[in-house]
Amino acid sequence: MSKPVFKARKIPNGFSCVESRWARLGPYYAMFPIDFAFDVISHYSGEGDFVLDPFAGRGSGNFVAATLGRRTLGIEINPVAWLYGATKLSPAPKNDVINRLNDIVTSSTKYKEEQNSANLFFSMCFSGAVLRFLLAARNELKWKTDKTDSTLMAIILHYLHGKRMSSLSNQMPMAKSTSTQYSIKWWKNKSYENPPEIDVLAFLQKRIEWRYGKETIDFSDRGRVVLDDSTKALNDIYINKIDLLFTSPPYYAITNYFSDQWLRLWLLGGAERPIALREEHKNRFNSMEAYENLLDIIFGKCANMLSPKGAVYVRTDYRKFTLETTKKVLKKHFPSHQMSESVNLCRTKSQTEFLNNSKNKVREVDLVLTT
């Protein structure tokens, strides 16, 4: 069967202006750098090829693949990251999103901030008007099933917390939600007891207008990101063949994306404070056996779909257990491929050392398997 032919865009410096505005939607820990994804996909695949990422995160690889005329599928278990990835590939029309924003702002007047039991944290984090808006969005946006609602929710999540006056919150990290007690103590020490007063409608409408620029992108004919567990989803999704498996699995005992994103998860209907999730594939993988089993299942399923001449590109942790386990599993499932290894000498914060800004230190290792 011949490959579907897509006309790749002529993109100066990687992306057009419109595409670049969507490419970086969604602050998220451990995300692919856009330029890195662009280089890998350009080198190891061609137009019309199929690119799979079973640990899609915020869908950077999938977005780049679609931009370059590839077909692509991402699978992501965290709904925050999934919303970013799905929205970037196919955002709803701008006017629909702005109209829905107006609906939620109007509806917010019927909510009372006292409805939230973690009142001290939320009253210090968000002004009353902002919190009422967030409660309306939390209760009324059908982000799982409605494209307009999911697009609006993704944009709200992007700006939910971060630098004071550049987000909806009091001063907080942008990519990671700090705990309630830590945040309260920090705000008091910095004399930030009162959150900034934000005109939600004006704030978000301005950023929606900027995000869309002069046109709307739509890559739904080339790819999608699904919200699911890859260990199960790969049983149900039919893929004829993969030309490039491009992914970065979670690192052993490094982070917990669900606790790190607890505030954004709260907006999606989750708990009002960080909790330790013990569900399979949602924790820190402190069990070495469980971690190896995860990689074994997913890379085993991907191997059955990979084209005979397909390539595998995996970015992983430099620490011994994660690196050696990943190499072991890849060699098991791709025995006819040759593996090369290169280190990533990051000069900025990396996936493995988000809070460590030391220079010239090996942070990640790239494992490349080709025939």
Side-chain angles (χ1 to χ4, degrees), residues 24-29 31 58 78-81 83-84 87 97 101 104-105 107-109 111-141 143 150-211 255-275 349 354-355:
R24 293 171 176 83
L25 174 71
Y28 196 66
Y29 176 65
M31 54 199 176
R58 67 171 189 165
N78 189 319
V80 173
L83 271 167
Y84 296 149
T87 296
V97 177
L101 170 64
I104 299 300
V105 170
S107 181
S108 69
T109 58
Y111 288 85
K112 296 183 183 299
E113 55 266 38
E114 289 79 13
Q115 287 177 234
N116 203 293
S117 63
N119 188 259
L120 181 58
F121 167 82
F122 282 93
S123 64
M124 291 182 72
C125 190
F126 304 111
S127 70
V130 171
L131 183 53
R132 289 190 291 272
F133 169 79
L134 296 177
L135 290 169
R138 185 175 190 261
N139 284 280
E140 299 181 21
L141 289 180
W143 54 269
S150 65
T151 301
L152 176 57
M153 183 60 90
I155 292 170
I156 297 171
L157 289 173
H158 180 102
Y159 296 105
L160 181 63
H161 56 81
K163 187 176 180 180
R164 189 179 170 96
M165 301 307 297
S166 295
S167 70
L168 295 171
S169 75
N170 209 335
Q171 183 76 19
M172 285 186 74
M174 191 173 189
K176 182 178 184 292
S177 310
T178 48
S179 70
T180 56
Q181 292 305 311
Y182 176 89
S183 300
I184 291 168
K185 181 179 179 180
W186 192 91
W187 290 326
K188 288 181 176 179
N189 288 339
K190 298 293 182 180
S191 298
Y192 281 168
E193 288 94 341
N194 297 316
E197 295 293 336
I198 303 289
D199 181 333
V200 177
L201 180 60
F203 179 93
L204 289 176
Q205 184 166 333
K206 177 181 178 181
R207 284 154 178 81
I208 290 169
E209 294 282 358
W210 176 86
R211 187 73 58 182
T255 190
N256 183 327
Y257 300 139
F258 283 78
S259 63
D260 289 347
Q261 292 292 326
W262 77 267
L263 188 52
R264 289 185 169 102
L265 287 169
W266 164 79
L267 189 58
L268 300 182
E272 297 171 352
R273 55 183 55 82
I275 58 174
K349 294 179 183 178
F354 181 71
L355 298 177

Mind checking what makes side-chain hydrogen bond (donor to acceptor under 3.5 Å, both in side chains) contact with [X], not counting sequence neighbours?
X    : result
T151 : none
S127 : none
E209 : K94
S107 : E140

*Criterion side-chain contact (heavy atoms from CB on, under 4.5 Å) against L83, the qualifying member of I156, I155, L268*: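 Only one option passes, and that is L268.
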
*Hey, what's the ring geometry for Y84 with H158, parallel, tilted or perpendicular (30° and 60° as the breaks)?*
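Geometry flag for H158 against Y84: perpendicular rings.
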
Of all residues at least two apart in sequence or in a different chain, which pass the side chain to side chain contact (heavy atoms under 4.5 Å, CB included) check with [X]?
X    : value
D199 : L201, A202
R164 : N170, Q171, Y192, P196
S166 : K163
T178 : M172, P173, Y182, S183

*Apply salt bridge (Lys or Arg N to Asp or Glu O under 4.0 Å) to E193 and list each qualifying residue two or more places apart in sequence or on a separate chain.*
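Partners of E193 by the salt bridge (Lys or Arg N to Asp or Glu O under 4.0 Å) criterion come out as none, since no residue qualifies.
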
*Provide the closest heavy-atom pair for A175 versus Q261 in the form atom of the first, atom of the second, distance.*
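In this case the closest contact between A175 and Q261 is O-NE2, 2.7 Å.
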
*Could you tell me whether a side-chain N or O of R273 sits under 3.5 Å from a main-chain N or O of Q181, the two making a donor and an acceptor?*
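The answer is no, because no donor-acceptor pair under 3.5 Å joins these two groups.
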
*Where the side chain of R138 meets the backbone of G270, is there a donor-acceptor pair that is under 3.5 Å apart?*
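Checking the backbone N and O of G270 against the side chain of R138, a donor-acceptor pair under 3.5 Å is found.
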
_Taking the ring of W266 and the ring of F122, is the distance between their centroids below 6.0 Å?_
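Between W266 and F122, which both carry aromatic rings, the centre distance is below 6.0 Å.
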
